Asks: 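Got a structure for you, questions after.
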Amino acid sequence: QVLLVESGGGLVQPGGSLRLSCRSSARSFSRNTVGWFRQAPGKEREFVAAISWVGNNTRYRDSVKGRFTISRDNEENTVYLQMNSLQPEDTALYLCASRSGGYYDTSYDKRLYRTWGQGTQVTVSA
């Protein structure tokens, strides 16, 4: 059974930073597209960022561009989400997901992702 395990969430003040990690137990993880999504209470799960497995192509939702950076370390089987200048509206449960996409795939459609982690909570509050 493939597992994705997120970590790095927590409580941070507005303007602060956090780095989330998504680690996989699957050898194939390095050949998967990996996405970060988030879900706030009472809201739909929404796309945050994705990274391809060839070329490290990236895609971001507009509201996080310039503040969040997705990256991957295939030797560590881990994908990171560096989040800077956090705002209260970034508060949510953050989940990572993986899919067997094309070389440069950075899909934002959550329906295309097959494997999901349990999430890590990010709370931005003064």
Side-chain angles (χ1 to χ4, degrees):
Q1 181 180 358
V2 174
L3 292 177
L4 297 180
V5 179
E6 302 95 333
S7 62
L11 173 64
V12 64
Q13 293 186 343
S17 298
L18 286 172
R19 188 177 81 155
L20 306 184
S21 298
C22 171
R23 188 175 180 90
S24 173
S25 60
R27 290 183 178 182
S28 61
F29 190 66
S30 63
R31 300 187 299 279
N32 286 170
T33 296
V34 178
W36 282 99
F37 296 79
R38 66 187 182 188
Q39 188 165 17
K43 294 189 176 181
E44 291 285 324
R45 186 171 298 182
E46 63 182 21
F47 170 78
V48 176
I51 187 165
S52 67
W53 62 278
V54 173
N56 285 340
N57 287 357
T58 58
R59 184 197 298 260
Y60 299 92
R61 71 179 296 107
D62 286 347
S63 63
V64 308
K65 285 180 181 177
R67 300 189 298 125
F68 291 11
T69 303
I70 188 171
S71 62
R72 67 191 305 161
D73 183 336
N74 287 336
E75 290 190 4
E76 296 293 327
N77 242 25
T78 301
V79 169
Y80 301 99
L81 185 68
Q82 177 67 43
M83 305 186 298
N84 299 328
S85 302
L86 283 161
Q87 300 301 318
E89 53 265 34
D90 295 316
T91 294
L93 180 69
Y94 282 70
L95 307 101
C96 69
S98 66
R99 68 182 296 264
S100 299
Y103 293 150
Y104 307 108
D105 172 67
T106 55
S107 177
Y108 58 85
D109 188 344
K110 59 181 179 289
R111 297 171 298 179
L112 299 178
Y113 286 80
R114 180 177 180 181
T115 303
W116 290 82
Q118 295 297 308
T120 184
Q121 179 66 37
V122 171
T123 302
V124 185
S125 175

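Bear in mind the structure is a predicted one, so any value in this text is a computation, not a measurement.
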Asks: State whether a side-chain donor-acceptor pair under 3.5 Å links Ser52 with Asp105.
Replies: no
Asks: To the closest 0.5 Å, what do you measure between NZ (Lys65) and OG1 (Thr58)?
Replies: 9.5 Å
Asks: Measuring from Glu76:CD to Ser30:OG, what's the distance to the nearest 0.5 Å?
Replies: 12.5 Å
Asks: Atom CG of Asn77 and atom SG of Cys22: how far apart are they, to the nearest 0.5 Å?
Replies: 9.5 Å
Asks: Does any part of the side chain of Leu11, heavy atoms only, come nearer than 4.5 Å to the side chain of Ser125, both counted from C-beta?
Replies: yes
Asks: If I compare all heavy atoms of Pro14 with all of Ala126, which pair ends up nearest, and what's the gap?
Replies: CD-N, 3.7 Å
Asks: Please step through side-chain contact (heavy atoms from CB on, under 4.5 Å) for the pair Leu20 and Glu6, ending with a clear verdict.
Replies: CA-CA 7 Å; Leu20 306 184; Glu6 302 95 333; over 6 Å; no
Asks: Which pair of heavy atoms, one from Leu86 and one from Leu18, lies closest together, and at what distance?
Replies: CD1-N, 3.9 Å
Asks: Is it the case that Arg23 and Ser21 place a side-chain donor and acceptor less than 3.5 Å from each other?
Replies: no
Asks: If I compare all heavy atoms of Gln82 with all of Ser17, which pair ends up nearest, and what's the gap?
Replies: NE2-CB, 4.0 Å
Asks: Is there a side chain to side chain donor-acceptor pair (under 3.5 Å) between Arg38 and Tyr94? Walk through the geometry before answering.
Replies: CA-CA 4 Å; Arg38 66 187 182 188; Tyr94 282 70; 2.9 Å; yes
Asks: How long is the straight-line distance from OG1 of Thr123 back to CG of Asp90, given to the nearest 0.5 Å?
Replies: 11.0 Å
Asks: How far apart are the closest heavy atoms of Ser107 and Leu112, and which atoms are they?
Replies: OG-CD1, 3.3 Å
Asks: Less than 4.5 Å apart, side chain to side chain, heavy atoms only: is that true for Tyr113 and Val34?
Replies: no
Asks: For residues Gly119 and Leu93, report the shortest heavy-atom separation together with the two atoms involved.
Replies: C-CD1, 3.7 Å
Asks: Got more than 12 heavy atoms from elsewhere within 6.0 Å of CD, Glu89?
Replies: yes
Asks: Check whether NZ of the Lys or CZ of the Arg Arg19 lies under 6.0 Å from the centre of the six-membered ring of Tyr80 and within 45 degrees of that ring's axis.
Replies: yes
Asks: Quick check for you: to the nearest 0.5 Å, what is the distance between Phe47 atom CZ and Trp36 atom CH2?
Replies: 12.5 Å
Asks: Side chains of Pro88 and Val124, heavy atoms from C-beta outward: is any pair under 4.5 Å?
Replies: yes
Asks: Under 6.0 Å from the CD atom of Glu46, do we count more than 12 heavy atoms belonging to anything else shown?
Replies: yes
Asks: Do Arg72 and Phe29 meet the cation-pi criteria used here (NZ or CZ under 6.0 Å from the six-membered ring centre, within 45° of the axis)?
Replies: yes
Asks: Got Arg31 and Val54 here, is their nearest side-chain heavy-atom distance under 4.5 Å?
Replies: no
Asks: Hey, could you give me the CD1/CG distance between Ile70 and Asn57, rounded to the nearest 0.5 Å?
Replies: 11.5 Å
Asks: Would a line drawn from the ring center of Phe37 to the ring center of Trp116 be shorter than 6.0 Å?
Replies: yes
Asks: Give a yes or no on whether Val12 and Val48 share a hydrophobic cluster (residues Ile, Leu, Val, Met, Phe, Trp, Tyr; joining criterion: side-chain heavy atoms under 4.5 Å apart).
Replies: yes
Asks: Considering residues at least two apart in sequence or located in another chain, which fulfil the side chain to side chain donor-acceptor pair (under 3.5 Å) criterion with Thr106?
Replies: Arg59
Asks: Using side-chain contact (heavy atoms from CB on, under 4.5 Å), reason through Ser98 and Leu4 one step at a time and then give a plain yes or no.
Replies: CA-CA 8 Å; Ser98 66; Leu4 297 180; 4.0 Å; yes
